[in-house]
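One structure below.
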Protein chains: 2
Amino acid sequence: MVASLVGDPARANMLTALMNGRALTASELAQEAGITPQTASSHLSKLEAGGLVEPEKQGRHRYYRLTDDDVAGVLEGLAGLAARTGHMRVRTGPKDPALRRARICYDHLAGDLGVQMLDTMRERNLVRQKKQDIELTAEGERFLAKHLQISPDMLAHPRRPVCKACLDWSERRHHLAGTLGAALMQRFAELKWASRDATPGSRVVNFTRAGEKQFAALFGNAND
Amino acid sequence: MVASLVGDPARANMLTALMNGRALTASELAQEAGITPQTASSHLSKLEAGGLVEPEKQGRHRYYRLTDDDVAGVLEGLAGLAARTGHMRVRTGPKDPALRRARICYDHLAGDLGVQMLDTMRERNLVRQKKQDIELTAEGERFLAKHLQISPDMLAHPRRPVCKACLDWSERRHHLAGTLGAALMQRFAELKWASRDATPGSRVVNFTRAGEKQFAALFGNAND
DNA sequence: TTCATGCTTCGATGGTAGCCGAAGCATTGT
DNA sequence: ACAATGCTTCGGCTACCATCGAAGCATGAA
């Protein structure tokens, strides 16, 4: 039964954490629920079997999101009923520093700027996205060659795809991975637009003032 | 949390029994859930504390009903989620298989056979169902008159509808209520097809061998 | 009053499910 | 190649909670 799935406090915490529409990894959900990863794994497989959440594999991570709006709707309804009796559950907001702004995801740009970049590329028909698969358009190739001196033959790789949608850690939306994503990040570094933070282990990417301006000129969106 | 209240099978059975909008006494709900009155009392106080049901005292009875339409709406939403995964509720409630097979719901037939009867009537255009409302067709009237000697004027009643969809507790689907449902059950008894179980308080309906055969001839479905 | 019915509370029991430690895969990084 | 990380599976332990018997209050009837 679905209700019993939601009834368990640990699972309810996980689902509540997913209510903002973003996807979370199994470990993050474990932390949200205050349980160990192995317990969380058990819960998540039950939620998946019940059709409440859907997994998306990304490297060695496993992102979970609510299956669809129907699930979210029912959860909201339950929350509404709970609110009437005064039993409300507090949702702690994402408490991330400037790491959310820009950081390295493997070898490409992630964070707010990374998501923004892919958004803009999609808007301007530089790429076409279908679920996880992203395809570089002819218009996109021209754009890359003209503004960033990136040619298609630089992106060829025997096993790795040129473009790939990668789920963003902080924004919970897709950013651009693949050889193109890596090439773009590399070019940003070469152009001194941005560089990885000096502190070891940090994944923060620091943009220079000039670099941020140039980046915005190419990939900035309207309300920026 | 609200969901954990609904999550328990016994409580879910009670709530489902209340989904038709009518109020039921604590003992009736206990019977519906297949548990003893003292267990039901515990459950009902929890449901009341959770704001899902409201009691109404009447003599030495205590009638319970769903608090409002919001509660019913959320319950339907949950049922919807359960239905689409095909992951219907596990029947842990009542032990009595005979009770699931055929029983009295107020004054009409419920259980597997009751649901089956309405299904067949719908298939053969004897009735037309739109949500909770059921309408007897001209074809249905002929059928009833021919095979069961039931005429439309026998079904007239100032306030009670002729046909009504009643949510079946064990099958989670509709069976036929209203004056027609009552008339059918009465006719089954008169024809010695079936009779209520002798043990006082029991809601089981026992079909005779011949009665079951006749019933199947009229309302049996293909895969039976 | 006395009895019967409907419901609740109390106490004890048992089954179930959440939980974690340890170990096993899978993927990635060096 | 090896190590590190993320996640899963397995086994056992434990705590919770539904369940029922027995007894205690109510209300209504005789």
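The chains referred to below are lettered A, B, ... by the order of the sequence lines, with proteins before strands, and numbering in each begins at 1.
The nearest whole Å value for the distance from the CG atom in B/Asp8 to the C1' atom in D/dC16 is 13 Å. Rounded to an integer number of Å, the gap from NE2 of A/His108 to P of C/dG29 is 10 Å. One interatomic measurement links the two molecules: CE of A/Met14 to C1' of C/dG18, which rounds to 11 Å at whole-angstrom precision. Taking atom CD of residue A/Gln38 and atom P of nucleotide C/dG24, one finds them 15 Å apart after rounding to whole Å. For the pair A/Lys46 NZ and D/dT9 P, the interatomic distance rounds to 12 Å; values are reported in whole Å. Counting to the nearest Å, the P atom of C/dT28 and the NE2 atom of A/His61 are 10 Å from each other. One atom, OH of A/Tyr63, and another, C1' of D/dT5, lie 14 Å apart when rounded to the nearest Å. Distance, A/His43 NE2 to C/dC19 C1': 8 Å, rounded to whole Å.
Atom-to-atom distance recorded for A/Met185:CE and A/Met117:CE is 9.0 Å, nearest 0.5 angstrom. We find the CG-CE distance between A/Leu47 and A/Met14 to be 7.0 Å, quoted to the nearest 0.5 Å.
Taking side-chain N and O atoms only, B/Arg62 has no distance below 4.0 Å to OP1 or OP2 of D/dA26. Using a 4.0 Å cut-off, no side-chain N or O of A/Lys57 falls inside it from OP1 or OP2 of D/dG6. Checking the phosphate oxygens (OP1, OP2) of D/dT19, no side-chain nitrogen or oxygen of B/Thr36 falls inside 4.0 Å. Listed pair B/Arg60 / C/dA4 fails the phosphate criterion, with no side-chain N or O lying under 4.0 Å from OP1 or OP2.
Of the charged side-chain nitrogens involved, none lies within less than 4.0 Å of a carboxylate oxygen, so that A/Glu139 and A/Arg128 do not count as a salt-bridged pair. Of the charged side-chain nitrogens involved, none lies within less than 4.0 Å of a carboxylate oxygen, so that A/Arg62 and A/Glu28 do not count as a salt-bridged pair.
Here B/Ser45 lies out of heavy-atom contact (under 4.0 Å) with every strand. Within the 4.0 angstrom heavy-atom criterion, only backbone atoms of the sugar-phosphate kind lie near A/Ile35; the bases stay farther away.
In terms of modelled atom types and a separation under 3.5 Å, the side chain of B/Ser45 and the main chain of B/Ser41 share a donor-acceptor contact.
Comparing A/Ala40 and B/Ser4 by the nucleotide of DNA chain D whose heavy atom lies nearest to each, the residue mapping closer to the 5' end is A/Ala40.
When the nucleotides C/dT28, D/dT8, D/dT19 are ranked by their closest atom to the side chain of A/Ser41, D/dT8 comes out on top.
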